[in-house]
Amino acid sequence: MKKIIIIGASSGMGMRIATDFARAGWRVGIAARNEQRLAAVRDLFPDRITSSVIDVTAPDAVKRFEDLIEELDGMDILLYAAGTGWYNPVLNLGKDEATIGVNVTGFTRIINAAYRYFKATANASKGRIAAITSVAGVKGLGVSAAYAASKRYQWTYLQAIDQLAHSQHVNVSVIDLRPGFVDTPLLEGNKNYPMLMSIDYAAPRIEKAIMARRRVATIDSRWKIVAGLWGMIPNCLWPCLDIKM
């Protein structure tokens, strides 16, 4: 039986993907900070889902992650779905530091540990390291500076891990999933975001990209066009744009 571990699976996209894989017959390991929410997800498929309380910002995150792999008796896919960020034009330092803690420090800990796992196990079948990043990594967004910067970091780190895997002959695919705005708890119920996608719409597309081992997948085609246009704007002109969300 195939096994997937999802970090950030107590709500939103991570929860939806976890239940989809469990419904499809996979063994699923789920992790997040909220024990009660994890238990609620686990109880939907108690014979297929194993849960562990992991705070990716805590020093014991890697140990807990490794314990979950052992409890699941292996891992074929790691999906990092944890993430946080705020609309923060006033540059509240606490919010920026919290964003960096989850999206940079925690992200690095788990992706690093997953890579070392696949390198050490030398699986006969190719493993997958996948992460939900964001189209926000294209350019610096003044209203969400730390969030945009953290997503660019994730893009670069995944690219570097992919290069490292090739040079070290590690049998793993690296998958960067870049959705546009999705109606999850991260957006705090704000329906005013442009081209807002529902979880029901976005989740199957993310799952398809994971199974297809897409190196980079922008969700969806509309957002691929928007991200491409953003990327074409010269850096000298970008500060002149008044982007509000």
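Here the structure is a predicted model, which is why all the values come from computation and not from measurement.
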Both conditions, 6.0 Å and 45 degrees, for the charged tip of Arg205 above the ring of Tyr201: are they met here?
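Yes, a cation-pi geometry holds between Arg205 and Tyr201.
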If every non-hydrogen atom of [X] is compared with every non-hydrogen atom of [Y], which pair is closest and at what distance?
X	Y	result
Ala202	Val182	CB-CG2, 4.1 Å
Gly14	Ala81	CA-CB, 4.0 Å
Ala31	Leu68	CB-CD2, 4.2 Å
Ser150	Thr99	OG-CG2, 4.0 Å
Ala9	Val41	O-CG2, 3.8 Å
Gly180	Met197	N-CE, 3.5 Å

In sequence, state the C-alpha distance, the side-chain angles, and the governing distance for Val226 and Val135, and then conclude on side chain to side chain contact (heavy atoms under 4.5 Å, CB included).
CA-CA 9 Å; Val226 169; Val135 296; over 6 Å; no
Answer with yes or no whether the side chains of [Y] and [X] bring together a donor and an acceptor at under 3.5 Å.
X	Y	value
Asp176	Thr133	yes
Arg213	Ser173	yes
Thr84	Tyr147	no

Quick check on the hydrophobic clustering: are [X] and [Y] connected, directly or via other members, by side-chain heavy-atom contacts under 4.5 Å?
X	Y	answer
Val216	Tyr153	no
Ile129	Val62	no
Trp230	Met232	no
Ile225	Val138	no

First locate atom [atom1] of [X], then atom [atom2] of [Y], and finally report the distance between them rounded to the nearest 0.5 Å.
X	Y	atom1	atom2	result
Ile175	Met211	CD1	CE	9.0 Å
Ser51	Leu38	OG	CG	5.5 Å
Ile69	Ile5	CD1	CD1	4.5 Å
Met15	Asp20	CE	CG	10.5 Å
Arg64	Ile110	CZ	CD1	11.5 Å
Asn88	Leu93	CG	CG	9.0 Å

Does any part of the side chain of [Y], heavy atoms only, come nearer than 4.5 Å to the side chain of [X], both counted from C-beta?
X	Y	answer
Thr50	Val28	no
Ile17	Met13	yes
Gln159	Arg215	yes
Asp183	Ile199	no
Leu78	Tyr115	no
Pro204	Arg16	yes
Glu66	Arg116	yes
Tyr157	Ile111	yes

Count the heavy atoms belonging to other residues, nucleotides or ligands that lie under 6.0 Å from CD of Gln36, then report whether that count exceeds 12.
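No.
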For the side chain of [X] and the backbone of [Y], is there at least one donor-acceptor N/O pair under 3.5 Å apart?
X	Y	value
Tyr80	Phe107	yes
Trp223	Arg178	no
His169	Ala165	no
Tyr117	Met75	yes
Arg128	Ile210	yes
Gln154	Asn103	yes
Arg27	Met1	no
Lys139	Ile233	yes
Arg109	Thr57	yes
Ser144	Leu141	no

I'd like to know whether Leu177 forms a side chain to side chain contact (heavy atoms under 4.5 Å, CB included) with Leu79, so could you lay out the CA-CA distance, the side-chain angles of the two residues, the decisive distance to 0.1 Å, and finally the verdict.
CA-CA 10 Å; Leu177 305 155; Leu79 173 62; 3.9 Å; yes
SB check Lys63 Asp60 (cutoff 4.0 Å)
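Salt bridge: no.
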Strictly below 4.0 Å, N to O, side chains only: are Lys224 and Asp220 in salt-bridge contact?
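Salt bridge absent between Lys224 and Asp220.
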With Asp73, which residues qualify under side chain to side chain donor-acceptor pair (under 3.5 Å), at least two apart?
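With sequence neighbours excluded, Asp73 shows a side chain to side chain donor-acceptor pair (under 3.5 Å) to no residue whatsoever.
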For Trp26, all residues meeting ring-ring contact (aromatic ring centres under 6.0 Å, His included), sequence neighbours excluded:
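Trp26 satisfies ring-ring contact (aromatic ring centres under 6.0 Å, His included) with Phe21 only.
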